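Hydrogens, waters and symmetry mates are skipped; everything else that's a heavy atom, side chains included, is used. Just so we're clear, the structure is a prediction, and the values are computed from it rather than from any experiment. Just so you know, ligand 1 is whichever comes first in the structure, and atom 1 is the first atom listed for that ligand.
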Amino acid sequence: MCGIVGAVAQRNIVSVLIEGLRRLEYRGYDSCGVAVLADGEPRRARSVARVADLDDQVRDTKLGGVTGIAHTRWATHGAPVTDNAHPIFSRDTLAIVHNGIIENYETLREMLRGKGYEFVSQTDTEVIAHLIHSVYRGDLFAAVRETVQQLHGAYAIAVLHKDQPHTVVGARQGSPLVVGLGEGENFLASDALALAGSTDRFVFLEEGDVCELTLDGVRIVDRDGQPAQRDARQVAAYGGAVELGPYRHFMQKEIFEQPRAISDTIPQADAFDASLFGEGAPKVFEEIDSLLILACGTSYYSGLTAKYWLESIAKIPTQVEIASEYRYRDSVPNPKALVVVISQSGETADTLAALKHAQSLGHPHTLAVCNVGTSAMVRQTEFAFLTHAGREIGVASTKAFTTQLVALFVLAATLGKLRGHVDASQESNYIKQLRHLPAALNSVLALEPQIIAWSEEFSRKENALFLGRGLHYPIALEGALKLKEISYIHAEAYPAGELKHGPLALVTEAMPVVTVAPNDALLEKLKSNIQEVRARGGQLYVFADADTRIVNAEGLHVIRMPEHYGLLSPILHVVPLQLLAYHTACARGTDVDKPRNLAKSVTVE
Ligand code: G6P
């Protein structure tokens with residue numbers, strides 16, 4: 001992952017670089033650093049704390065310069081210690097920042113050791129630094145071009161050299177990099193957001209591109225070394241600080257923003273129309289015979305939920321697969337399938353690679369469900385449906401998930417209508433239910449005080465089981481993921497019917513069993529599963545729809561949800577699980593918005 005910023009200007013650029021890093025912390029926060037050319041020498045500051053600490057350091061040391069690069073790291077090769085923090089130097093003449101993984105770094109390191117290079121870090125990045133140094137003959141652009149030919153893996157890099165005081169060279173392959181065009185100054189970054197306020201004109205580099213930034217221009221060549229014409233685009237990235245308001249953490253704020261995010265995502269039209277997904281979608285949606293959904297993490301769970309909707313409402317066979325698995329396995333392509341990638345960021349490396357893999361196998365039709373309109377995923381798919389969650393800052397995804405569910409429900413209803421399975425009255429019912437969702441969510445959010453009471457108890461546990469059935473099994477999975485991500489409590493989810501095939505062995509009074517209990521067709525089956533846990537002394541924590549008649553008893557703790565919300569019920573039932581994870585994490589005192597070892601956007605394998 002990692003975030004990169006670079007700049008060539010006529011003013012001291014350090015504050016722009018530091019601000020850029022603050023906005024890129026979602027890409028990793030294990031360490032950070034900045035390097036500038038000062039009096040003809042590369043100078044740097046690095047921190048294994050957060051960007052705020054780096055900022056203090058550069059102020060204290062008065063680090064300044066007109067040409068610079070900066071980095072926020074998610075550790076891959078080497079622990080998050082200062083020696084491994086970027087920028088990485090080669091022989092005090094050049095500095096580099098890198099996002100990605102170089103797969104042949106061991107071979108290259110041995111070759112470079114043979115040439116007398118010493119390695120002071122455990123990073124794969126230091127190999128790139130020395131390689132550029134070893135081929136540098138007065139032209140950094142040429143040296144970077146020569147170097148990238150030898151790299152296997154994924155990278156976005158930005159490099160500066162002490163002999164070229166007004167130049168930054170960048171390259172990308174498999175990791176994102178954008179060029180920001182200014183007046184008499186130019187920039188590079190992993191994400192346009194990093195440069196909001198400095199420019200709104202961007203060139204999105206393509207795979208294999210190498211670029212050279214100087215004060216008065218940008219030169220780009222493609223992977224074959226040919227000059228590349230890349231169009232500049234106006235992007236109004238909002239870089240302003242997002243305020244916490246009355247909330248303790250962004251995650252809590254984002255949970256409470258869900259009614260607004262969902263209402264912004266629900267299409268305004270009074271009918272489900274395939275053209276919502278893009279020009280040409282009505283024809284393609286008529287022709288497809290199945291769906292293949294690819295995603296990672298929380299987005300994968302929204303795909304799993306959608307499978308139930310797609311098969312039940314639209315009667316269309318749907319396969320859901322973890323992107324990192326799909327991209328490497330032998331699969332049988334079906335050109336009549338619509339490939340759907342789901343992603344909050346639209347930059348997740350495994351999902352992007354899975355999309356490309358599907359396209360290379362001959363899947364012609366692709367759709368992105370995504371929260372970022374300028375992302376690589378949206379650019380690389382035939383159709384797109386944008387969710388309007390707004391910027392999500394907490395690493396644990398909340399409002400992005402529920403808005404994805406809304407988008408996928410709209411997809412299922414649209415396909416159902418096209419295939420003759422949703423009649424006019426059903427259509428208007430679905431639309432009514434969607435429009436009432438924000439209000440229904442508000443009444444679920446009002447359960448927060450009761451959930452806080454439970455979270456005290458949860459914070460003293462080290463394990464938890466989550467149960468759901470049918471449409472709510474993916475919700476149990478998402479609840480368990482939320483709890484483990486931010487509270488570090490080990491949590492697993494099972495379809496409740498599977499309990500007896502193994503996990504029941506874990507049930508004792510020390511094991512809380514969180515159960516999602518909507519009043520649907522599987523309720524009676526679920527009640528039996530609840531009894532199986534009670535009979536073994538397990539402690540049940542049940543989120544039960546008001547009309548389920550599940551009541552508090554010994555070993556059975558119940559929070560009442562509003563009445564059953566039909567097929568859209570998962571969107572309501574996930575919210576108390578988000579709040580439970582959040583308040584349990586608060587009670588344990590973890591860094592809720594930036595949990596250890598994780599990152600918001602995973603742009604490496
Ligand atoms: C990371 C985030 C998760 C997210 C997953 C997929 O692991 O921490 O919250 O669900 O990436 O991200 P995407 O942007 O593709 O939805």
Asker: For Ser459, does its backbone N or O pair with a side-chain atom of Arg588 as donor and acceptor, under 3.5 Å?
Answerer: yes
Asker: Given Lys399, which partner from the list Gln258, Gln404, Glu257, Gln344 fulfils the side-chain hydrogen bond (donor to acceptor under 3.5 Å, both in side chains) test?
Answerer: Glu257
Asker: Which protein N or O atoms sit under 3.5 Å from any N or O of ligand 1? Give each pair with its distance.
Answerer:
residue, atom, partner, partner atom, Å
ligand 1, 8 (O), Ala599, O, 3.0
ligand 1, 9 (O), Val395, O, 3.2
ligand 1, 10 (O), Thr298, N, 3.0
ligand 1, 12 (O), Thr348, OG1, 3.3
ligand 1, 14 (O), Ser343, OG, 3.3
ligand 1, 14 (O), Gln344, N, 3.3
ligand 1, 14 (O), Ser345, N, 2.8
ligand 1, 14 (O), Ser345, OG, 2.7
ligand 1, 14 (O), Thr348, OG1, 3.3
ligand 1, 15 (O), Ser343, OG, 2.6
ligand 1, 15 (O), Thr348, OG1, 2.5
ligand 1, 16 (O), Ser299, OG, 2.6
ligand 1, 16 (O), Gln344, N, 2.7

Asker: Hey, would you say the Phe285 and Phe277 ring centroids sit under 6.0 Å apart?
Answerer: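 Phe285 vs Phe277: aromatic centres under 6.0 Å.
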Asker: Determine, for Asp55 against Arg22, whether the closest basic-nitrogen to carboxylate-oxygen distance falls under 4.0 angstrom.
Answerer: yes
Asker: One thing to verify: whether Glu321 and Arg329 come together as a salt bridge, which I'm taking to mean a side-chain N less than 4.0 angstrom from a carboxylate O.
Answerer: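 Counted as a salt bridge, because a side-chain N and a carboxylate O are separated by less than 4.0 Å.
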Asker: Answer yes or no: is there an ion pair linking Lys594 with Glu25, defined by an N-O contact shorter than 4.0 Å?
Answerer: yes
